[in-house]
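Working notes, structure below.
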Amino acid sequence: QVQLVESGGGLVQAGGSLRLSCVASGFTFGVYGLRWFRQALGKEREFVAGSDWDGISTHYAEFVRGRFTLSRDDAKNTVELQMNSLTSEDTGVYYCNAGPYLRGIIEGNYWGQGTQVTVSS
């Protein structure tokens, strides 16, 4: 059974940092593309960052480029999102997403339950 469990969300002041973590189980992590999406209240879910299945390329949405960094550790079945210089616009529920042999920003089949990030201005 595929499971993605996020953690690390919380309340932070504008300009601060958070590090999100997603621990995966139930599938062969090394052949899965890994993504982070987010959804703000009243808005559609949007792509934030993603790693191709082989880890060769990492993709970022323009609005987080230079502030967020995605990293994956295949030995620990973990993908993390380091978020710096946070603004109120970054507030939302952040979801871990995965799918086999994914490249680019296409979303995979599997989703975590989400972790809330709230940035106070």
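Atom set for the values below is all heavy atoms of this structure, side chains included, hydrogens, waters and symmetry mates excluded.
Nearest heavy-atom pair across S121 and A14 is CA-CB, 4.2 Å. Residues L34 and L70 approach most closely at O-CD1, 4.2 Å, considering heavy atoms. Heavy-atom minimum distance, N84 versus S17: OD1-OG, 2.9 Å. When all heavy atoms are compared, the tightest approach of V48 to V64 is O-CG2, 3.5 Å. The two residues F63 and R67 make their nearest non-hydrogen contact at O-NH2, 2.8 Å. Contact record, S51 with G55: OG-CA, 3.8 Å, taken as the closest heavy-atom pair.
The hydrophobic cluster around I56 extends to none of the other residues, as no ILVMFWY side-chain heavy atom falls under 4.5 Å of it.
Residues satisfying the side chain to side chain donor-acceptor pair (under 3.5 Å) criterion with E62, sequence neighbours excluded, are R65. Listed by chain and residue number, nothing satisfies the side chain to side chain donor-acceptor pair (under 3.5 Å) test with E89 (two or more places apart in sequence, or in another chain).
No continuous path of ILVMFWY side-chain contacts below 4.5 Å connects W111 to F29, so the two sit in separate hydrophobic clusters. In the hydrophobic cluster analysis, where Ile, Leu, Val, Met, Phe, Trp and Tyr join through side-chain heavy atoms closer than 4.5 angstrom, L20 is grouped apart from F47. When the side chains of ILVMFWY residues are joined at heavy-atom separations under 4.5 Å, either directly or via intervening members, V93 and L81 end up in two distinct hydrophobic clusters. Hydrophobic cluster membership is shared by Y60 and L86, with clusters built from Ile, Leu, Val, Met, Phe, Trp and Tyr side chains linked at under 4.5 angstrom.
Using a 4.5 Å heavy-atom threshold, the side chains of Q116 and T91 count as touching. At a threshold of 4.5 Å between non-hydrogen side-chain atoms, the residues V23 and K76 do not count as touching.
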Please report the C-alpha distance between N77 and Y32 in whole Å, then the side-chain angles of each, then the deciding distance to 0.1 Å, and finally whether the side chain to side chain contact (heavy atoms under 4.5 Å, CB included) criterion is met.
CA-CA 10 Å; N77 283 11; Y32 271 62; over 6 Å; no
For L4 and Y95: C-alpha separation, side-chain torsions, deciding distance, then whether side chain to side chain contact (heavy atoms under 4.5 Å, CB included) applies.
CA-CA 9 Å; L4 299 170; Y95 296 92; over 6 Å; no
Let's go through M83 and V117 carefully: what are the C-alpha distance in whole Å and the side-chain angles of both, what is the deciding distance for side chain to side chain contact (heavy atoms under 4.5 Å, CB included) to 0.1 Å, and is it a yes or a no?
CA-CA 10 Å; M83 305 187 296; V117 171; 3.9 Å; yes
Could you walk me through whether W36 and V79 satisfy the side chain to side chain contact (heavy atoms under 4.5 Å, CB included) test, starting with their C-alpha distance in whole Å, then the side-chain angles of each, then the deciding distance to 0.1 Å, before giving a yes or no?
CA-CA 9 Å; W36 287 96; V79 57; 3.8 Å; yes
Anything under 3.5 Å between a donor and an acceptor, one on a side chain of residues 99-110, the other on a protein residue two or more places apart or in another chain? List them.
{"from": "R103", "atom 1": "NH1", "to": "D54", "atom 2": "OD1", "distance (Å)": "3.3"}
{"from": "R103", "atom 1": "NH1", "to": "D54", "atom 2": "OD2", "distance (Å)": "3.2"}
{"from": "R103", "atom 1": "NH2", "to": "D54", "atom 2": "OD2", "distance (Å)": "2.8"}

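In this structure a side-chain-to-backbone donor-acceptor pair under 3.5 Å is missing from R72 to G33.
Residues in residues 70-117 take part in these disulfide (SG to SG under 2.5 Å) pairs, two or more places apart or across chains: C22-C96. The side-chain hydrogen bond (donor to acceptor under 3.5 Å, both in side chains) contacts involving residues 3-16 comprise E6-Q113, where partners must be two or more places apart or lie in separate chains.
For the atom pair CZ of R45 and CZ of R38, the computed distance is 13.5 Å after rounding to the nearest 0.5 Å.
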